[in-house]
Amino acid sequence: MSAGGPPDPSRIRNFSIIAHIDHGKSTLADRLLERTGTVDPRKMSAQIMDSMELEKERGITIKAKAVRMLHTGPDGKEYILNLIDTPGHVDFSYEVSRALAACEGALLVVDATQGVEAQTLANADLAQALDLKLVPVINKIDLPSSDVEAVEEQIFEVLKILEDTVHISAKDGKGVDGVFQALRERIPPPRGSVDKPLAALVFDSLYDPYRGVVLYIRVVDGALKKGQKVRFYSKSEQILSVEEVGYLTPKQTPSDALYAGEVGYLVGGLKDIHEVRVGDTIMEVGRELPAALPGYKEAKCVVFAGVFPVNPADYGSLKKALEKLNLEDSSFNYQVETSQALGFGFRLGFLGLLHMDIVKERLQREFDLNLIVTSPNVVFRVQPKGAGPEDWLVLDNPAKFPHYGDIEAIEEPFVHVTIVLPVRFQEPVITLLKERRGVHRSIEYVSGERMIVRFDVPLSEIVLDFYDRLKSVSKGYASFDYQPAGYQTSDLVKLEILIHAEGVDALSQIVHKDKAYAMGKALCEKLKELIPRQGFEVAVQASVHGRIIARESIPAMRKDVLAKCYGGDITRKRKLLEKQKEGKRKAKLLGSVEIPQEAFLAVLKINQ
Ligand code: GDP
Ligand code: MG
C-alpha cells in the first residue's frame with residue numbers, strides 16, 4: 001500500500017461477523033487474521049478478538065473492536081479488509097447496531113450442527129434493517145453430526161436469504177478461501193466521497209489511562225487528519241483537536257489521515273468517556289453537516305439493582321471502584337443509596353442482565369470487593385392520581401413508590417421475546433411463557449423439527465431467572481433473544497412487609513396482583529425461619545394496599561442465654577454473653593426487632 005493519499009475505495013471491504021453464541025465467530029476471525037498475516041502465528045493465541053479475561057471465559061464479546069487486514073486477491077492486488085467485531089449479546093444490541101452501521105456487509109455464521117438460533121435471527125434482522133449485504137456461512141462442516149442441507153434450508157426459509165452459502169470449518173480452515181472470495185466479490189465497497197465534508201461514525205470508544213479516550217470510527221465521507229479541528233454532532237459546543245489517527249492492526253498504528261470508507265481510531269484529548277456517545281457523528285469545524293449520520297440513540301439502562309458492601313467499612317473502596325470502572329464502561333450508571341437494612345451503598349443501572357453480571361463480577365474480581373447485590377428490578381412508570389400525561393413518575397426503586405392511594409396507574413416495560421426450539425419442547429416452553437405473563441404473538445414451524453415462538457413478556461418476568469428456567473425446561477435446546485417493546489399498563493401492586501407492625505422498605509417489592517399472595521406468603525414463611533426469637537411475640541405480615549394478605553408469627557422466647565450454664569464457670573458465661581453481643585452487632589435493629597442480615601439476603605433472593 002502506497003503511503004499517503006486516499007486508498008482506492010473499490011479495494012476496501014468493511015464487514016462484520018454475526019452469529020449465535022458458539023457458532024464459531026471468534027474461530028473464523030482467528031482464521032482470517034492468520035491467513036492475512038495480520039497476527040504473527042507465533043503470537044497467535046486462540047480467540048484473539050476477545051481480549052478481556054471475562055470475554056474468553058463466557059465466550060462472548062463484550063466490547064466491539066475492529067481490525068484492519070491486508071489481503072492479496074487472485075489478481076495480485078491488495079484489499080483492505082476491516083473486520084468490525086460486535087458484542088454478541090442482546091444487552092448490547094444498540095452497540096451491535098452501531099458497529100453494523102459502520103459496515104457494508106456481514107458474514108452470517110451458522111453452526112452446521114445447530115442451525116438457525118434466536119441470536120442468528122436477531123442479528124440478521126438488525127443487519128437487514130441496515131441494508132447490509134449478508135453472506136451466509138455454514139460452519140463446522142468437519143463435524144459428523146453436521147447437516148448442511150437442513151441448515152441451508154433454514155437460512156432460506158427463516159431468514160429469507162437467497163444467497164449461496166459458503167461451507168467451512170473454521171477450526172481446520174477448510175473452505176476459508178471461499179470466505180475471502182465472498183468478501184471480495186459479494187460485499188460492496190464503501191460508497192462515500194473524499195471530496196465531501198467530513199462525516200465519521202463513532203461506533204465504539206475505549207478509555208486508555210495514558211492517552212485518554214480513544215474513539216473507534218468509520219469515516220463515511222471526507223478525510224480525518226492529524227491537527228484538524230472536529231466536533232461531535234450531538235455536542236456541538238465542544239471542539240476537539242485531532243492528536244492522532246490511525247489503523248487498528250490490531251494494535252493502534254498511527255497514520256497521517258483516515259479517508260472516506262476507512263475504519264480506524266482517533267485520539268483527541270478527551271479525558272472523560274462520558275463525553276463520548278456511541279453512534280454520534282464527527283464533523284469538521286467550519287464544514288458542519290446539516291444532519292447527523294442516521295441511527296443515533298442514547299443507550300438506556302433497563303435493569304437496576306442495589307449494590308452494598310458486605311463490610312460497611314468498604315463503602316469508600318466501592319465508590320472508588322465504581323468511579324474507575326465507569327471510566328471504562330460508561331454504559332452503566334450509579335447513584336448513592338441508603339437502605340434501612342443494608343446500610344450505605346449504590347443503586348446501579350445496567351443495559352441488561354448479562355451486563356449486570358459483568359459489572360458485578362468485575363467489581364468483585366478486579367477490585368476485590370465483597371458485595372451484596374439485591375434482586376434486579378426494571379423501571380416502572382407511575383401515574384399519580386390527577387396527574388397529566390407529562391407528570392408520570394419514572395421509578396427505578398420499589399422503595400420510592402408513592403402511597404397506593406395516590407396511584408392512578410402503573411406501567412411496566414415489555415419485550416418481544418423470540419425463542420427457537422425443537423418442537424418436542426413446545427409444551428413446557430409455552431407453559432413457562434404463560435407463567436411469566438407472556439402474550440402470544442406467533443408460532444412458526446420450520447425444517448428440522450424446529451419452531452420459532454414469539455411472545456410479548458414483561459421485562460420484570462425476564463430479569464428473574466427466565467433464561468435459566470428456559471434452559472432447564474428445554475434441556476438446553478431452546479435459544480432466546482428479546483427486544484424492547486415499550487411500556488404497557490399492568491395490574492401491579494407494591495407488596496409491603498411489616499415486621500412487628502413496622503414497614504420494611506428494603507423488603508418491599510413490585511409484583512403483579514395475581515402473584516402477590518403467593519409471594520407474600522413465601523416471604524413471611526422465610527422470614528419466620530430467619531428472624532431469631534425475641535423477648536416478645538413478633539408478627540411478620542405481608543400487605544397489599546393496606547390489607548394484610550399473609551401473616552406468620554415468631555413466638556416469644558425466654559431470653560436467657562445463661563440458662564444452659566449450671567454452676568459457676570464464669571469464663572464460659574462471659575463467652576456466651578460476648579457471643580450474644582456480637583450477634584447483636586451484625587443484626588439490624590428495626591423498631592424493637594433485630595433482623596439478621598441473612599434474612600434480608602434470603603428474601604432478596606426468594607424470587608430467583
Ligand atoms: P463464537 O461464540 O461464535 O465466537 O464461537 P467460537 O469461535 O468461540 O466457537 C465455539 C466453539 O466451537 C469452540 O469450542 C470452537 O473451537 C468450536 N468451533 C468453531 N468452529 C469450529 C469448526 O469449524 N469445527 C469444529 N469442530 N469446532 C469449531
Ligand atoms: Mg466469540
Side-chain angles (χ1 to χ4, degrees), residues 15-35 38-39 41 44-67 69 83-93 95-96 99-100 103 106-124 126-127 134-152 154-155 159 165-180 182 204 250 354-355 357-358 420 467 471 476-481:
F15 71 104
S16 174
I17 307 177
I18 55 184
H20 189 76
I21 186 152
D22 280 347
H23 283 202
K25 182 172 101 163
S26 302
T27 310
L28 175 57
D30 283 356
R31 290 297 83 71
L32 299 180
L33 289 165
E34 209 173 72
R35 296 263 173 119
T38 308
V39 181
M44 186 93 188
S45 71
Q47 312 222 334
I48 204 135
M49 299 288 281
D50 303 344
S51 59
M52 258 168 75
E53 188 188 350
L54 257 168
E55 293 183 356
K56 279 190 185 160
E57 256 169 51
R58 301 220 172 179
I60 48 146
T61 307
I62 296 162
K63 287 301 264 179
K65 265 160 260 136
V67 61
M69 302 178 277
L83 167 57
I84 298 175
D85 200 11
T86 62
H89 193 275
V90 287
D91 283 5
F92 308 102
S93 66
E95 292 182 23
V96 176
L100 292 178
C103 301
L107 302 171
L108 178 70
V109 175
V110 186
D111 186 327
T113 68
Q114 305 291 317
V116 169
E117 296 281 8
Q119 283 163 256
T120 323
L121 271 168
N123 284 317
L126 266 179
L134 285 180
V135 175
V137 175
I138 300 182
N139 185 33
K140 308 199 188 181
I141 56 169
D142 59 293
L143 290 175
S145 56
S146 66
D147 187 348
V148 175
E149 260 168 54
V151 173
E152 221 160 25
Q154 284 176 11
I155 290 173
L159 305 173
T165 54
V166 183
H167 304 169
I168 66 164
S169 164
K171 194 172 178 182
D172 63 28
K174 193 168 167 225
V176 172
D177 286 338
V179 174
F180 282 107
D204 200 1
L354 177 81
H355 188 214
D357 272 359
I358 290 166
V420 179
Y467 189 60
K471 283 286 170 203
Y477 283 102
S479 64
F480 145 83
D481 205 327

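Side chains included, hydrogens not; waters and symmetry mates left out as well; all remaining heavy atoms used. Just follow the structure's listing: the first ligand is 1, and inside any ligand the first atom is 1. Positions are given from 1, in the same order as the sequence printed here. A quick note: this is a predicted structure, and the numbers were derived from the prediction, not measured.
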Hey, is the main chain of [Y] close enough, under 3.5 Å, to the side chain of [X] for a donor-acceptor pair?
| X | Y | value |
| --- | --- | --- |
| N139 | V109 | no |
| Q154 | G115 | no |
| K25 | D85 | no |
| K471 | A478 | yes |

Polar-atom distance check: A170 versus ligand 1, any N or O pair below 3.5 Å?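 Yes.
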N/O separation below 3.5 Å, I141 to ligand 1: no
When you measure from the Mg ion (ligand 2) to the N, O or S atoms of S26, does any of those distances fall below 2.8 Å? yes
Within the 4.5 Å heavy-atom criterion, are L107 and V166 side-chain neighbours or not?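 With C-beta onward as the side chain, the pair stays apart.
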For a 4.5 angstrom cut-off between non-hydrogen side-chain atoms, does L134 reach L159?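 SC-SC contact between L134 and L159 ruled out.
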With heavy atoms under 4.0 Å as the rule, classify the contact between [X] and ligand 1 as side chain, backbone, both or neither.
| X | result |
| --- | --- |
| K25 | both |
| L143 | side chain |
| T27 | both |

Which of the atoms of ligand 1 are close to S26, meaning less than 4.0 Å from one of its heavy atoms?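 Those of ligand 1 that fall under 4.0 Å from S26 are 1 (P), 4 (O), 7 (O).
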